[in-house]
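First the structure, in the form of C-alpha cells, and then the observations on it.
Sequence lines set the chain letters: A, B, ... in the order given, protein chains first and strands last, and positions in each chain run from 1.
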Amino acid sequence: MLLSFHSHSSSPPKLHRSPELRFSALRRHSLVFSPLKQSHYRKFISTFSEKKKSTTLASVSNNGSPTMSFDYDLVIIGAGVGGHGAALHAVEKGLKTAIIEGDVIGGTCVNRGCVPSKALLAVSSRMRELQNEHHLKALGLQVSAASYDRQGVADHANNLASKIRNNLTNSMKALGVDILTGVGTILGPQKVKFGGVGLSDNVITAKDIIIATGSVPFVPKGIEVDGKTVITSDHALKLEFIPEWIAIVGSGYIGLEFSDVYTALGSEVTFIEALDQLMPGFDPEISKLAQRVLINPRKIDYHTGVFATKITPARNGHPVIIELTDAKSKELKDTLEVDAALIATGRAPFTKGLGLENISVATQRGFIPVDERMQVIDEKGNLVPHVYCIGDANGKLMLAHAASAQGISVVEQVSGKDHVLNHLSIPAACFTHPEISMVGLTEPQAKEKAEKEGFSISIAKTSFKANTKALAENEAEGLAKLIYRPDNGEILGVHIFGLHAADLIHEASNAIALGTRIQDIKLAVHAHPTLSEVLDELFKSAKLSDDVSSPARQPIAV
Amino acid sequence: MSNLLHTSFISTTKTPSLYRPTTVLPQPHFKKPTKIQAKIREIFMPALSSTMTEGKIVSWVKSEGDKLSKGESVVVVESDKADMDVETFYDGYLAAIMVDEGGVAAVGSAIGLLAETEDEIQMAKDKASSNVGSSSAAAASPPAPVEAVVSDSAPKAIESAPKAKSVTGSSVHPASEGGKRIVASPYAKKLAKELKVDLSSVVGSGPMGRIVAKDVEAAAATGAVIDKAKPNVSVKPDAGPKVELGSVVPFTAMQAAVSRNMVESLAVPTFRVGYTISTDALDALYKKIKSKGVTMTAMLAKATALALAAHPVVNSSCRDGKSFTYNSSINIAVAVAIDGGLITPVLPDADKVDIYTLSRKWKELVDKARAKQLQPHEYTTGTFTLSNLGMFGVDRFDAILPPGTGAIMAVGASQPTIVGTKDGRIGMKNQMQVNVTADHRVIYGADLASFLQTLAKIIEDPKDLTF
C-alpha cells in the first residue's frame with residue numbers, strides 16, 4: 001500500500017489524536033481469495049493448465065481488453081487491502097487493470113498491521129489461558145508453567161504476514177492484474193508514471209485512476225522514535241524485545257491490542273491518553289466494561305487527560321523519559337521513566353510523491369478530499385474526472401475492509417453502475433481478549449441524531465453470562481448492546497464486548513447494510529448452543545412500538 | 001450509568017441496574033436498608049434476580065469517605081446473570097466497605113455502611129470492624145487483616161526478607177530524584193494498594209532503581225505496612241521539613257563543614273576492598289543480648305575495634321604525607337544522619353570498653369547528636385569510621401574517607417543468601433557486604449585484606465564481643 005517506507009519522514013499533520021484517527025489500526029484483513037464467480041475461476045484454471053508456460057497470455061485473456069487509446073481501464077496506485085479489493089473486483093467487471101506498488105504487496109494491514117498483530121494476539125490469548133490457573137482449574141485442566149520463546153512468537157507473526165502477502169500477490173497474478181513495481185505519480189489527467197531509484201520510469205495511461213496509498217503511523221511532535229525503545233506499531237510487530245515496562249501512548253485499537261499482547265507476555269503497561277477517559281472511540285458503556293476487564297485486573301495503569309509532549313529514547317544508561325503535559329492547562333504534570341514507549345496515536349495519510357499538484361488537488365490535514373463516491377475533489381471544490389481515492393488516504397474510515405469496500409464501490413461506478421457505500425454498515429473490531437466489536441452509531445451519537453431528527457431511541461442489552469456456549473467455555477464476561485428505533489425497528493448501532501465479538505458483529509452489520517429491521521431479524525433462527533444466540537436474544541429483547549409491522553411475506557411451505 | 005436513565009427504554013422500568021438481564025425475571029430490587037443505628041445504614045447485597053443467592057463485588061465505584069447522593073452508583077455487583085450497578089437510596093457518606101472487591105456475599109448480607117454525616121463515619125467504621133467477624137461467614141472475602149493477605153500471597157517473601165530490617169525511609173534510587181518522586185511499575189502500584197503498603201517506604205530493586213512487584217511483596221512481608229510502620233529511631237532522613245522546589249538554600253554550618261571535608265578528601269589517594277561476611281552467629285547473639293540494651297551498631301563497632309587492635313596499621317593515618325601516625329587508641333566514629341546533615345559521634349576506646357557500656361554510650365551520643373549538643377571531642381576524635389546503610393536495604397556502597405583518618409568501612413544490609421558450603425552442599429546464610437575505603441599512602445591492599453579476614457572471623461564467631 002505504501003509507496004515508500006519513510007514512515008517517519010512525513011510531517012505529522014495537525015491532527016493530534018483526532019477521533020477519526022483512532023479508527024486506524026490493526027484491523028482484520030478481509031480478502032485472501034478472489035470474489036470471482038466459480039465459473040470464471042474455473043475458466044481461468046483451465047486456460048492456465050492448457051498453456052502452462054504462457055501465463056501472460058492466460059492473464060490477458062482474463063484481464064479484459066484495454067479501451068481504445070488507453071493502456072489500462074483502471075490503474076490503482078497502492079497494493080494494500082484496498083487496492084487489492086478494487087483490483088479483483090475490476091477484473092470481475094472485465095476491466096484491464098494494473099496495480100502499482102513501491103513497497104511490498106499487502107500494504108500496512110498485511111505487513112505491518114492487522115495480519116501480524118493477529119498472530120501475536122493468537123499467542124497472547126493462549127498464554128493468557130495457560131497462565132490463568134483459576135480458569136483452567138474450573139475446566140478441570142492442569143498445565144504446568146507456560147513460557148514462551150520470543151523469537152518463535154515473532155517468527156509466527158512474520159510467517160503469517162508473508163503467507164498472506166503471497167496469497168494476495170498470487171490471487172492478483174492469477175487473475176492477470178499487472179503488478180507494476182515502483183512509486184506511482186500522477187502526471188496529469190489519466191496519465192501515471194511509475195518508477196524510482198534503480199528502476200526505469202514508465203508512463204502509462206488509464207481511463208480511471210484509484211489512489212490507495214494508505215497511511216503510516218502518526219507520531220506527534222516532540223516524540224523521538226528510535227525504533228528500539230521508542231517505537232510505533234511498525235517496530236512493535238517485529239517483537240524484537242519485550243520490555244519489562246512499556247508506556248503506550250493512545251488507548252485506541254492499536255494501543256489496546258498491544259497492551260493485550262505485552263501483558264500476556266509479561267510486560268507491565270502504562271497507558272497515556274489525551275482524552276479524559278480510556279478507549280474514547282468506543283461506546284461509553286463498552287469502554288467502561290472493557291476497562292473493568294481489560295485494564296483494571298491486568299498489570300496496567302494509566303494517565304488520562306495528558307499529552308506525551310516529549311519522549312526521549314533510552315540512551316547512555318537513562319531510561320525512556322516521557323514528559324506528560326496536562327491536556328487542558330498545558331502544564332507539565334508528570335515525568336515517566338519506562339523501558340519502552342509505543343506510539344499508538346493513530347495513523348497519518350501517506351500521499352507523498354503522488355503528484356497531486358499535477359491535478360490541482362490539495363490535501364486537507366494530509367487527507368485527499370473526496371465526495372461520497374470517493375471521487376477526488378480539487379482545490380477549487382470541483383470533482384477531478386477519472387481520479388478516485390480510497391482507504392486511509394481519504395480518511396473517511398481508516399479500516400482495511402472499509403478501503404476494500406470503497407474500492408469495490410468505485411469499480412462499480414466506473415463500470416457503469418452507480419453505487420454509494422453506507423459507512424455506517426461497516427463493522428469494526430478490536431482483537432483483545434475478549435474482543436470488542438461495533439457497527440453503526442454509539443449511544444451518544446444515536447442520541448444526538450435522534451434529537452436532531454426528532455425520533456426516539458431505545459437500548460437493549462444482553463449478557464454473555466446467560467449464554468450456554470460462553471458458559472461452557474467458561475468465558476461468560478461480556479455484553480451486547482443494541483441501539484434502535486422503537487417506532488420502526490431500525491438498527492442504529494450494535495456494540496459487543498465478549499468472546500468472539502469480532503465474528504458475531506456481522507449479523508448486525510449485514511442487517512444494517514441490507515436494511516433489515518428488528519421485527520424481521522428477530523424471527524431468524526440461530527443454532528443452539530452458539531454464541532450467536534447472544535445476538536438472537538438481543539434482537540428478541542428489543543421492545544418495538546405496537547404498530548410496527550413486518551413487510552408482508554408470502555409464507556413458503558417446504 | 002445514570003445516562004441510561006434518560007433513554008426511554010430504561011426510564012420506563014425502574015431497574016437500578018447496569019445491564020438488564022434479558023431473561024425475564026422479577027424486577028430486580030433491593031432489600032430496603034434497615035435502620036440499625038442512629039443514622040448509619042447498612043448497604044446490603046441486593047437480589048438482582050430470582051435465582052441469585054450470592055453476589056460478587058466487582059468493584060466499588062465509591063471509596064470509603066466519599067459523599068453519596070441518592071441515586072448514585074456505589075458498587076458494581078456480579079450476579080449469576082449479569083453485572084449491575086447498585087445505587088444508594090439515601091444521601092450520605094460511604095463510611096465503611098465491609099466486603100472488598102472480588103469478595104462474595106450472600107444476598108441480604110451487609111456489604112458496606114452508609115453514614116448520614118461526616119461525623120458518623122468513624123462510628124460506622126468502628127461498627128464495621130466489630131461486625132466483620134460475624135458477617136464474614138457469609139462474606140467469603142471480608143476485608144482481611146493485612147497479615148493474612150500477606151502471609152497468603154507472599155510466603156516466600158517473608159522467608160527471604162532481611163531479618164530485623166524494617167525497610168523504612170524514602171526510596172533512594174536515581175530515578176526518584178532523591179525521594180521526591182516515587183517511581184514504581186504499574187503492577188507494583190496495584191499490589192501496594194492491595195497489600196496496603198506505603199510506596200514511599202519501599203526501596204526499589206528494579207531497573208533504574210524503580211519499585212517493582214517483588215519489592216512491594218517484600219515490604220509487605222517485613223511490615224512496611226502503612227499503619228504498622230514503626231518509626232525508626234536511629235535514622236530518619238525524611239523527617240526534615242519539605243523543601244521548596246526551585247529554590248536555592250545556602251548550606252548550614254554543618255553542611256558547609258561536610259562540603260569542605262568532602263572536597264578535601266579528593267587529595268587523598270584512596271582505594272577500596274570489599275568482603276562478604278556471614279552474620280548468622282552475630283544475629284543470634286544480637287537476639288540474645290538485645291534485651292540488655294545492646295544495639296547492632298555497638299556490636300559492629302566492637303567487632304571492628306577488636307579487628308583493628310590486631311591490625312594497628314588500619315587504625316593509622318597519614319597527616320603530613322611523609323609518615324604513619326599510629327593512633328594510641330581505637331576510636332570508632334559512626335556516621336549518623338541527622339536533621340539536615342551528617343555527623344559522626346565517636347565511641348572512644350571501643351576495643352577496651354565492654355559491649356554493654358558501649359551500647360549505653362552510643363545511645364547517649366545519639367541523643368546528644370539529635371539535640372545538637374555534641375561536644376567537638378565527641379565527634380572529631382575518630383580514628384576509624386563506620387557507615388551503615390543496611391537498614392535501608394542497601395546491600396553495598398562506597399564511602400568517602402573522612403580527612404585525617406586512615407579508613408572508613410561501608411556496611412550493607414545482611415540478607416539471606418544461598419551459598420555453597422565447603423562440603424558441597426547448598427545452604428542459606430545471612431550475609432552482609434562490607435567495603436573499606438582506605439588511604440593507600442599508609443594502608444595497603446594486603447593490610448585491608450587481612451584486617452577484613454580478622455573482622456569476618458570475629459563476626460562469624462562473635463563470642464569475644466561480649467567480653
Side-chain angles (χ1 to χ4, degrees), chain A residues 243-247 263 267-271 284-285 288-289 291-293 295-302 314 317-319 321 334-339 443-444 446-447 450 456-466 476-484 486 534 537-538 540-543, chain B residues 1 3-13 15 17-25 48-49 51-52 58-59 61 73 76 78-85 101-102 173-177 180-194 204 206-213:
Chain A
E244 277 179 45
W245 183 4
I246 185 167
T263 51
S267 302
E268 295 179 32
V269 169
T270 295
F271 270 119
E285 200 165 344
K288 191 178 162 193
L289 178 61
Q291 182 168 338
R292 219 159 72 205
V293 177
I295 309 278
N296 296 349
R298 296 184 181 174
K299 295 176 181 178
I300 302 177
D301 68 352
Y302 51 85
H318 292 288
I321 296 170
D334 207 347
T335 306
L336 299 181
E337 287 132 10
V338 295
D339 300 322
E443 190 179 328
K447 267 185 191 156
S456 67
I457 60 163
S458 288
I459 312 284
K461 283 178 248 176
T462 52
S463 167
F464 280 62
K465 284 201 171 77
E477 191 83 64
L479 164 79
K481 174 175 174 177
L482 167 69
I483 303 156
Y484 64 101
V534 170
E537 234 189 294
L538 185 67
K540 284 189 166 75
S541 69
K543 296 207 168 35
Chain B
M1 280 304 103
N3 57 335
L4 282 185
L5 298 174
H6 301 307
T7 70
S8 57
F9 179 59
I10 295 295
S11 60
T12 52
T13 72
T15 315
S17 64
L18 174 52
Y19 314 129
R20 184 177 151 72
T22 46
T23 341
V24 180
L25 293 166
L48 301 171
S49 74
T51 54
M52 177 172 167
V58 175
S59 63
V61 182
S73 293
V76 181
E78 177 190 277
S79 73
D80 50 346
K81 294 272 191 313
D83 294 354
M84 306 197 180
D85 278 22
E101 289 182 6
H173 53 74
S176 78
E177 290 168 16
K180 268 181 256 160
R181 239 151 47 71
I182 295 163
V183 179
S185 81
Y187 187 44
K189 282 184 205 153
K190 277 189 187 185
L191 265 184
K193 204 176 160 200
E194 210 173 282
M208 312 286 166
R210 84 167 68 113
I211 299 168
V212 294

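- In this structure, the portion of A:Asp334 lying under 4.5 Å from any heavy atom of chain B is its side chain and not its backbone.
- Interface remark: B:Ser59 contributes side-chain atoms only to the contact with chain A (heavy atom separation under 4.5 Å).
- To the nearest 0.5 Å, the span separating CD on A:Glu244 from CZ on B:Arg210 amounts to 6.5 Å.
- The minimum heavy-atom distance linking A:Trp245 with B:Ala184 is given by the pair CH2-O, 3.2 Å.
- B:Pro186 and A:Lys299 make their closest contact through CB-O, 3.8 Å (heavy atoms, listed as atom of the first residue, atom of the second, distance).
- Smallest separation of non-hydrogen atoms from B:Lys190 and A:Ile295: NZ-O, 3.1 Å.
- Separating the CG atom in A:Asn296 from the CD atom in B:Glu101 is a distance of 8.0 Å, to the nearest 0.5 Å.
- The greatest number of non-hydrogen atom pairs below 4.5 Å with chain B, out of A:Leu336, A:Val338, A:Ile300, is found for A:Ile300.
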